[in-house]
Amino acid sequence: MPVCENCHRKWSWKQTIRKTTTLDPAMSCPYCGEKQYQTQKSKTKIGIITACILLAMPILLLLEAPKIMMISLLPSSFIVGMLVYPFFVKISSKEQFIDFFKNDA
C-alpha cells in the first residue's frame, strides 16, 4: 500500500483505489492533504500486470480453450487485478515524467 512521503501514513486499500482511479495525476493524501503522485516505476509495474491480464485472452484463443473459460477469465482476472493493484502503487511528493529524449552522453 502507498505511504505518504509527507506524513508517513499508510493509505488503505479503499483510499488507494479511490485516489488512483481519477484522471488527475495529483492525489491529495487523505490524512495530511499534501499532493502525492504515483511513481513512474509503480506505473510501469501496473502496466505490465495489466498487459499480462489482457494477453491471456488471445493466448486462450490460440490454445482453443473452452468458451466458458474465456468468458469467465476476463471478469475474474479484472477482480484479481483490482484486489492486488493497490499493493503495487507507490507514491512520491514529486511528479515524475518519462524523459524519452534524455541524453546520457
Side-chain angles (χ1 to χ4, degrees):
M1 296 292 181
V3 176
C4 177
E5 279 193 349
N6 187 48
C7 66
H8 306 289
R9 293 186 66 186
K10 186 188 282 191
W11 294 11
S12 71
W13 182 90
K14 188 175 181 180
Q15 290 167 334
T16 305
I17 292 290
R18 188 178 300 143
K19 297 287 183 179
T20 58
T21 53
T22 63
L23 295 177
D24 186 11
M27 304 173 280
S28 58
C29 175
Y31 302 106
C32 67
E34 286 293 315
K35 289 196 184 273
Q36 300 291 304
Y37 302 91
Q38 190 173 355
T39 64
Q40 201 57 49
K41 189 174 183 178
S42 171
K43 290 178 187 178
T44 302
K45 284 181 185 178
I46 292 167
I48 290 170
I49 292 169
T50 303
C52 290
I53 290 171
L54 293 176
L55 284 174
M57 285 297 259
I59 290 171
L60 287 176
L61 281 171
L62 289 172
L63 296 175
E64 298 179 4
K67 289 187 187 332
I68 191 73
M69 179 186 266
M70 292 189 296
I71 292 170
S72 64
L73 179 69
L74 197 57
S76 59
S77 61
F78 175 77
I79 291 168
V80 170
M82 288 303 288
L83 289 173
V84 300
Y85 168 78
F87 295 99
F88 289 96
V89 174
K90 301 293 181 219
I91 55 177
S92 170
S93 57
K94 297 176 188 149
E95 191 169 12
Q96 301 171 345
F97 300 99
I98 298 175
D99 189 4
F100 290 108
F101 303 104
K102 186 177 180 182
N103 187 0
D104 291 329

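Just so you know, residue 1 is the first one in the sequence shown, and it goes up from there.
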Can you confirm whether [X] sits close enough to [Y] that some side-chain heavy atom of one is under 4.5 Å from a side-chain heavy atom of the other?
X: Y85; Y: T20; answer: yes
X: Q15; Y: Y31; answer: yes
X: E95; Y: P25; answer: yes

Can you tell me how far [atom2] of [Y] sits from [atom1] of [X], rounded to the nearest 0.5 angstrom?
X: S92; Y: Q40; atom1: OG; atom2: CD; answer: 11.0 Å
X: K35; Y: S93; atom1: NZ; atom2: OG; answer: 13.0 Å
X: M82; Y: I53; atom1: CE; atom2: CD1; answer: 10.5 Å
X: K67; Y: L61; atom1: NZ; atom2: CG; answer: 8.0 Å
X: F78; Y: T50; atom1: CZ; atom2: OG1; answer: 10.0 Å
X: I91; Y: K19; atom1: CD1; atom2: NZ; answer: 10.0 Å

Going by side-chain hydrogen bond (donor to acceptor under 3.5 Å, both in side chains), name the residues that satisfy it together with Y37, two or more places apart in sequence or in a different chain.
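Counting only residues at least two positions away or on another chain, Y37 forms no side-chain hydrogen bond (donor to acceptor under 3.5 Å, both in side chains).
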Would E34 and E5 count as a side-chain contact (heavy atoms from CB on, under 4.5 Å) if you check the C-alpha gap in whole Å, the side-chain angles of each, and the deciding distance to 0.1 Å?
CA-CA 9 Å; E34 286 293 315; E5 279 193 349; over 6 Å; no
Quick one: closest heavy-atom pair of [X] and [Y], and the distance?
X: P2; Y: P86; result: CD-O, 3.7 Å
X: F88; Y: I46; result: CB-CG1, 4.0 Å
X: M1; Y: S12; result: SD-C, 4.1 Å

Is it true that L63 and L55 fall in one hydrophobic cluster, defined by side-chain heavy atoms closer than 4.5 Å?
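As far as the 4.5 Å side-chain criterion goes, L55 and L63 are not connected within one cluster.
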Joint cluster assignment, V80 & I59, ILVMFWY side-chain distance < 4.5 Å
no
Given 3.5 Å as the limit, does a donor-acceptor pair link the side chain of W13 with the main chain of L83, or not?
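A pair under 3.5 Å: yes.
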